[in-house]
Enquirer: 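Structure provided below as structure tokens; questions to follow.
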2 protein chains.
Amino acid sequence: MTELEKGPQGRRRGRGARERIISASQQLFREQGINRTGMDQLCAAAQVSKRTAYQHFTGKDELVAEYLRRFDPSVLSGVFDRTDLTPRERLLAAFDVPPTTPLCPYIGAAVELHDPQHPASQYARDYKEAVAARLADTAREAGAAEPEQLGEQLALLIDGAAARTRVLNADAFPTAAAIAAVLIDNAIPASSPRQPSDDRGTTGSAPVPVGGQ
Amino acid sequence: MTELEKGPQGRRRGRGARERIISASQQLFREQGINRTGMDQLCAAAQVSKRTAYQHFTGKDELVAEYLRRFDPSVLSGVFDRTDLTPRERLLAAFDVPPTTPLCPYIGAAVELHDPQHPASQYARDYKEAVAARLADTAREAGAAEPEQLGEQLALLIDGAAARTRVLNADAFPTAAAIAAVLIDNAIPASSPRQPSDDRGTTGSAPVPVGGQ
DNA sequence: TGTTATGTACACCGCCCTGTGTGCTTAAGG
DNA sequence: CCTTAAGCACACAGGGCGGTGTACATAACA
């Protein structure tokens, strides 16, 4: 019941009701928050009957988890893969986010759901740790003295900018970028642009797609 | 109708129902969140009838705003006033918070209410700006080159630690403190422990009590 | 034709929420 | 005594919520 779009016999009618539901959740959960968005409103926006929605998702909780999992990683997406940038530039590029997103949805979900055991909360935790690991990998590639520490620090800056942007209603990412520049300069022992360092992969790659602010 | 405890003729019966309501909101809103705490539960915890509660507060929104306004600033309280510490030590002491509080209530309120026009959201914004101003004042006192910038940076670190602590379920304040130490060392031009600098007060003092993480 | 899978429309349930209306009790002042 | 006011107990309204039951419509197979 998880896979559709091409059923067991190749049928398809509404052309992806599930996709419309997820798409609507992307918009409404981010615009209004999770708790303030009812299933009635969501189904109406998705042009899907409530009955159908509950055939695709066992409940709102599962939909929320899927909403986070399928969140379009458009903000940070590709930053870590840009080979045209040096590792150091890649680290700084993580703070060049357009002032579009109102709040990192992972933080929002963790606060709104208020339950660390909720699947969405667990995924948010995994995601944040994956981002920190990716940053640490890049920091190691850039030749940082303590890449793990630098990755965690940069991740904290991203979250701080996101939270502060939300509370103050003003873009806080430039401030975070300024701090990041200082930290990076302090951590990289001066002109070690690209070190082969074949001992990469100690932290492993991110198990989830990396994206979002 | 705002003042009681001594009515127009000097009457008083329940000995501060309003205080009990606010006290209960402090506990429940922080433990469970705002949206997940109903007025029924809150009134029961405060040992106050619902009828009485709605005679003191026109609605839950007003109570939420008052909850933030009256929030016991126990975490950062007094940090800025500790004359036994140097300004530099005071800045660092802001990150020595016991891992008690689950989340800065101002961030939580801003996320949960999801409405920048809500009185509580506006107060949260004022509060965060006041904290940054206080940090900037202390940074100026410590002889920082650009105190405004340092204050904003340290405030971002505090918020980042709070948000990240919530999402990861792990104390992120040590990481923030480490960053703060780097920033402070970079901003203070080496051994300017206490500069008279009578040009203080350009940013003005905080209009609200400063406290909380 | 019939079956099966998929989706729809609509009404409905039970629960909890914020918020009130009504009437009663307790105390203080005159 | 009576008046006035603070507070309480109780019930209930109105609405949104998550979630479901029923009956119907469409399409691809067989």
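Computed from a prediction, not measured in an experiment: that's the story for all the values here. Chain naming here is simple, since letters A, B, ... match the order of the sequence lines and numbering starts at 1 in each.
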Enquirer: For A:R36 and B:E112, run salt bridge (Lys or Arg N to Asp or Glu O under 4.0 Å): C-alpha distance rounded to whole Å, both residues' side-chain angles, the deciding distance at 0.1 Å, then the answer.
Expert: CA-CA 9 Å; A:R36 297 184 114 72; B:E112 283 204 80; over 6 Å; no
Enquirer: Using whole Å, report how far CD of B:Q41 lies from C1' of C:dT18.
Expert: 14 Å
Enquirer: OP1 or OP2 of C:dC17 less than 4.0 angstrom from a side-chain nitrogen or oxygen of A:R36, does that happen here?
Expert: no
Enquirer: Take atom CG of A:N35 and atom C1' of C:dC16, then tell me their distance rounded to the nearest Å.
Expert: 14 Å
Enquirer: Between B:R166 and A:V111, which heavy-atom pair has the shortest distance, and what is it?
Expert: NH2-O, 3.4 Å
Enquirer: Please give, in whole Å, the distance from C:dG19 P to B:E62 CD?
Expert: 11 Å
Enquirer: Measure the acute angle between the ring planes of A:Y123 and A:Y106, then classify it against the limits of 30° and 60° as parallel, tilted or perpendicular.
Expert: tilted
Enquirer: Check this for me: does any side-chain nitrogen of one of B:D137 and B:R140 sit under 4.0 Å from a carboxylate oxygen of the other?
Expert: yes
Enquirer: OP1 or OP2 of D:dG7 less than 4.0 angstrom from a side-chain nitrogen or oxygen of B:S49, does that happen here?
Expert: no
Enquirer: Write down the atom of A:L92, the atom of A:A177, and the distance for their closest heavy-atom approach.
Expert: CD2-O, 4.0 Å
Enquirer: Report the nucleotide, chosen from C:dT18, D:dG18, D:dG7, that has the shortest atom-to-atom distance to any side-chain atom of A:Y54.
Expert: D:dG18
Enquirer: Of the candidate nucleotides C:dG7, D:dG18, D:dG7, which contains the atom at the shortest distance from the side chain of A:T52?
Expert: C:dG7
Enquirer: Taking the side chain of A:K60 as heavy atoms from C-beta outward, which of D:dC17, D:dA11, D:dT20 is closest to it?
Expert: D:dC17
Enquirer: Please evaluate the base of D:dG21 for a donor-acceptor partner in the side chain of A:R51 within a cut-off of under 3.5 Å?
Expert: yes
Enquirer: Give the rounded distance in Å between these two atoms: CD1 of B:I21 and P of C:dT18.
Expert: 14 Å
Enquirer: Atom CD1 of B:I34 to atom P of C:dC17: distance rounded to whole Å?
Expert: 15 Å
Enquirer: Ignoring backbone atoms, establish whether A:H56 has a side-chain N or O less than 4.0 Å from OP1 or OP2 of C:dG7.
Expert: yes
Enquirer: Nearest-Å distance, NZ (B:K50) to P (C:dG21)?
Expert: 13 Å
Enquirer: What's the CZ-P distance between B:F57 and C:dT18, to the nearest Å?
Expert: 15 Å
Enquirer: From CD of A:Q55 over to P of C:dT8, roughly how many Å is that when rounded to an integer?
Expert: 9 Å
